[in-house]
Amino acid sequence: MKRSHRFKRSIKPKKSLDIKLTNSNNEQDITATTSMTLSSSIKPSSSLIRANSNLKPQIPISSSSLISFEKSSILSQDFFQIDALDLAPRLLGKFLRRDDVVLQITEVEAYRPNDSACHGRFGVTPRTAPVFGPGGHAYVYLCYGLHTMLNIVADKEGVGAAVLIRSCAPVCGLETIQLRRGQKTEKPVLLAGPGKIGQALGISTDWSSHPLYTPGGLEVLDGPEPENILIGPRVGIAYASPEHVNALWRFVVADSPWISAPKNTLGPPP
DNA sequence: GAAAAGATTAAA
DNA sequence: TTAATCTTTTCC
């Protein structure tokens with residue numbers, strides 16, 4: 001039964017042109033092969049920023065800090081090994097990179113141990129095992145049978161915490177993003193919402209547990225800290241206990257248009 | 001084994 | 001407002 005499902009899935013036409021065959025670190029050649037299809041949209045990195053300079057500004061950041069993206073370094077694993085509640089706001093402004101696509105994180109949510117909304121609440125299962133691993137890895141799951149949701153695992157091994165990436169602003173690779181999303185727009189509808197991030201990055205659940213602190217595949221790069229942030233309750237977790245439904249563990253970049261709904265629950269931190 | 005529900009999205 | 005779509009977890 002599972003087999004037939006997989007088969008059916010594999011022959012389904014996909015918007016994404018990217019294929020990942022293994023869970024290890026040596027998928028580079030594969031993405032390189034598939035991205036040849038997109039070669040027209042791939043440019044030398046020095047011209048990437050300029051080529052996409054018509055993209056709407058996301059975070060109120062100085063142009064000098066945007067230039068710094070080219071020099072911005074991949075974050076080390078230490079960066080992620082802290083409480084998800086601390087990690088979540090620190091991820092705002094950071095960059096997600098996969099091949100020619102670079103996104104800047106604008107909205108996140110923290111999920112923590114003893115949190116009735118966290119996927120780790122049932123303990124270690126095949127799906128949630130990465131959540132209990134050391135911070136700095138991806139946790140990718142399928143939501144509503146349709147959407148791949150990207151989380152960044154937080155804290156030390158065994159804790160069980162993660163940060164959901166809910167929205168991003170496009171920085172590079174707009175054409176690839178639009179191709180994968182199936183929408184030719186530059187408006188926030190392109191990347192505001194967690195399912196859209198997974199789709200824009202072209203990742204599947206096979207990417208779960210992928211290390212984000214090593215070059216290649218999917219990376220998190222350092223980026224400018226936003227000037228102001230807003231916080232609010234997390235989205236879509238009505239099933240959780242009131243304590244966790246009301247917890248203000250959603251963080252967004254203030255004044256960014258790249259934020260998912262609802263926005264009227266957001267406010268300044270205390 | 002069967003059934004319900006889900007950290008959502010796009011279209012009507 | 002609602003259909004789409006399927007894996008995970010739970011219940012009998």
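Quick note on labels: first sequence line is chain A, next is B, and so on, each numbered from 1.
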Counting any heavy atom closer than 4.0 Å, what does A:Thr125 reach on the DNA or RNA strands: base, sugar-phosphate only, or nothing? sugar-phosphate

From OG (A:Ser167) to CD (A:Glu109), nearest 0.5 Å: 9.5 Å

Which side chain to side chain donor-acceptor pair (under 3.5 Å) pairs, counting each pair once, include a residue from residues 131-144 of chain A, with sequence neighbours left out? A:His119-A:Tyr139, A:His137-A:Tyr213

Quick one: salt bridge (Lys or Arg N to Asp or Glu O under 4.0 Å) partners of A:Asp155, sequence neighbours excluded? none

Tell me the ring pair (Phe, Tyr, Trp, His ring centres under 6.0 Å) pairs involving residues 230-257 of chain A, sequence neighbours left out? none

Reading DNA chain B in the 5' to 3' direction, which nucleotide is the first one with an atom under 4.0 Å from a heavy atom of chain A, and which is the last? B:dG6 to B:dA10

Checking A:Asp86 now: which residues fulfil side-chain contact (heavy atoms from CB on, under 4.5 Å) with it, not counting sequence neighbours? A:Ile82, A:Asp83

Give, ordered by number, those residues of residues 143-155 of chain A having at least one heavy-atom distance below 4.0 Å to an atom of DNA chain B; if nothing qualifies, reply none. A:Cys143, A:Tyr144, A:Gly145, A:His147, A:Met149, A:Asn151

What residues form a side-chain contact (heavy atoms from CB on, under 4.5 Å) with A:Pro262, not counting sequence neighbours? A:Val235, A:Arg250, A:Asn264, A:Thr265

Is A:Glu219 paired with A:Arg98 through a side-chain N to carboxylate O contact shorter than 4.0 Å? no

Does A:Val189 have any side-chain contact (heavy atoms from CB on, under 4.5 Å) partners at least two apart in sequence or in another chain, and if so, which? A:Gln183, A:Thr185, A:Lys187, A:Lys196

Have a look at A:Gln183 and say if it touches a base, only the backbone sugar-phosphate, or nothing, with a 4.0 Å heavy-atom cut-off. sugar-phosphate

Would you kindly say whether A:Arg121 and A:Ser116 are connected by a side-chain donor-acceptor distance under 3.5 Å? no

Once side-chain contact (heavy atoms from CB on, under 4.5 Å) is applied, do any residues pair with A:Gln178, and if so which ones, sequence neighbours excluded? A:Leu174, A:Lys184, A:Glu186, A:Leu190

With A:Arg234, which residues qualify under side chain to side chain donor-acceptor pair (under 3.5 Å), at least two apart? A:Asp115

For the residue pair A:Ser260 and A:Glu107, confirm or rule out a side-chain donor-acceptor distance under 3.5 Å. yes

Taking CZ in A:Arg90 as the centre, count heavy atoms belonging to other residues, nucleotides or ligands within less than 6.0 Å. Is the count above 12? no

Stretch residues 232-240 of chain A: residues that reach within less than 4.0 Å of DNA chain B through a heavy atom: A:Val235, A:Gly236, A:Ile237, A:Tyr239

Requiring both pairing distances under 3.5 angstrom, list the stems that contain DNA chain C and are made of three or more consecutive Watson-Crick or G-U pairs. B:1-6 with C:6-11, B:8-11 with C:1-4

